[in-house]
Amino acid sequence: MPAVLTSTSPAAVAAPPLAVACRQIVKVFGEGDTKTVALNGVDLDVYPGQMTLLVGQSGCGKTTLISIIAGLLNATSGALSVLGQDLIRMKGTPLVKFRQKNIGFVFQQYNLLPTLTAVENAAIPLIIAGVPRRKALATSQEILASVGLENRLHLLPSQLSGGQQQRVAIARALVHEPNLLVCDEPTAALDAQSGQTVMQLLRRVALQPQRAVIVVTHDNRVFGYGDRIIHMDDGIVTQVETPDHTATAPQPLSHETLQHRGHETLEQSSIVPERTP
Amino acid sequence: MNWLALRMLTGDRSKYLSLILSITFATLLMTQQVSIFMGIVTRSASQILDVRDADLWIMDNKVRYADEAPYLRSNDLQRVRGVPGVEWAVRFHKSNMTARLEDGNFRNAIMLGIDDATLIGAPHSMVEGELADLNLPHAVFVDKSGYEYLWPNEPFQLDREFHVNDRRVVLKGICKASAPFTTLPVLYCRFTEIEQLLPANRNVMNFILAKPTAGSDPQEVCQAIEQNCGLMALTQDGFFWKTIEYFMVSTGIPINFGITISLGFIVGAAVAGQTFYLFTLENLKQFGALKAMGVTNQRLIGMILLQASVVSGIGYGLGMGITSLFFTFTNRLAPMAGIHMTSIAATGVGLAVLIIILLTSLFSLRKVLFLEPAVVFRG
């Protein structure tokens, strides 16, 4: 089994190196009568510099797949390369260290530490990596400013709105500059407008040429933000879509509309989605 | 990561304080009860420890504890003096008598009769009066707490007259003495005075105090006395523990205190354990997120143990502080005189708190260590 898998797309020769390559990934939970096949031979390519949306109905295997891609769950069989590393064979501390260095997480329920302020929460990955606290907090402050929370640095999660908490979570996911960002339903706990803001933010701040972003969602209102949309059903990939961005890109709401609805707005010029060519 | 662990712990003030207070309460309860238990049990043999001049106690060979000693024959004293290895031996009396005061009230008291010539067994520290005054006719000394018990709220006053066993005695001194088990006054007088107070008794000597010759082994001298005289001979330490053992085995004191101490441990463990466990459970998602972000199990163990150590350290310190204050205050009260926090209690309770916190941590750690980081993706 090669450590680095190649692209399965017809344009593989011209495509950049894969950030994630899944080949025939199978995941079975339980055994006997309780046996459940969550993934039944998934093939998937994820490219750096792109936002890949993983979509499908509840129970189709999206969360199981990103758990395996993020090294949080072992696949039953198949091959998996993440950022050039064979994650199927990687176990224990090397796997933990790999996650620590290379993967950023954005969770549906934010999972911020309730007793830490925004700036402290965002600094956690750096603290885990052993960066001195003062430096970690300074870096965290910068990244929080980039997501528009420079005035909310010292508030606790309970003092922030859902959208603001998710922005802290995004800052936390990016503070250590990972090459893979995994987002699980980042808009599910938010109202429509906050969801749009978070997706715009992900495109503006998270997308870098060397970084791949995977977003699990079943919110079809945000499909337009993806460079590639992977449809899943019953544990397999059923369709790979590459939307025409110029036709499908959602138009962000105007500054006035946001204010009218009482939402906190990011700087208007900075939240317009940047599209990869 | 230590910083993170401490911020997680101290951020939730109410839980943090609950944890500390539960350990504080457990420490207070256990230390206080262990100390009182040790104090009370030591009191049962306090008159033995107060005799500092003699190393050996000789008594009837059926004696079980210090308060239950039949009288010896007067020639036993000469026989003991004749045993090789005995440097000197003197008479000693210990019994309970009734003191009738000037106003007609009467109180039971512990009466100690000491050798006229040597005053072996006399108190070592006087509050009022001189030791030599014990040689005066009808003279008695009373311990300080005993004086306050006999004449409450009255200033120290010597030359007071009262009756013991219907015989007139004169208070010639107030001394310091260890509190007895029953908190009765301790009266001292010469042995010949005892003979006056107990005229109906042919023998009034129930102990012989002796000292082995220099260089001889006290245990061997005790064996020699037993073989030659048919009496029981014990070192001071041996008699002390024999008396303690009687109270431990034959009274309900250890069981009652044991139950309270155990309850302190159980309540402390349960409250601290439950609070810490709930604290961990509530943070389980956060621990999962930390695991997902690359915190190893070893680091998580370190974080939880640090949190547990901080809570137990502060709780134990506060508990010890409150216990110290408690005994500082209660030592001024006559019934509690001499009962203080002991180093054994402090060390023992420290170990108990350590066990509580380790058990608590283990329960919490089990949840965290077996937590799958993928749990963070379950909404």
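In the text below, chain A, chain B and the rest are named by the order of the sequence lines, each starting its count at 1.
- Heavy-atom distances place the backbone of Leu112(A), and not its side chain, under 4.5 Å from chain B.
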One pair to check against side chain to side chain contact (heavy atoms under 4.5 Å, CB included): Lys101(A) and Leu83(A). What are the steps and the verdict?
CA-CA 11 Å; Lys101(A) 186 168 178 242; Leu83(A) 304 172; over 6 Å; no
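- For Leu113(A), the parts sitting under 4.5 Å from any heavy atom of chain B are the backbone and the side chain alike.
- Within 6.0 Å of CD in Gln208(A) there are more than 12 heavy atoms belonging to other residues, nucleotides or ligands.
- The backbone N or O of Leu160(A) sits less than 3.5 Å from a side-chain atom of Gln165(A), completing a donor-acceptor pair.
- Within the 4.5 angstrom heavy-atom criterion, only side-chain atoms of Arg299(B), from C-beta onward, approach chain A.
- Residues Val28(A) and Thr76(A) come closest through the heavy atom pair N-OG1, 2.8 Å.
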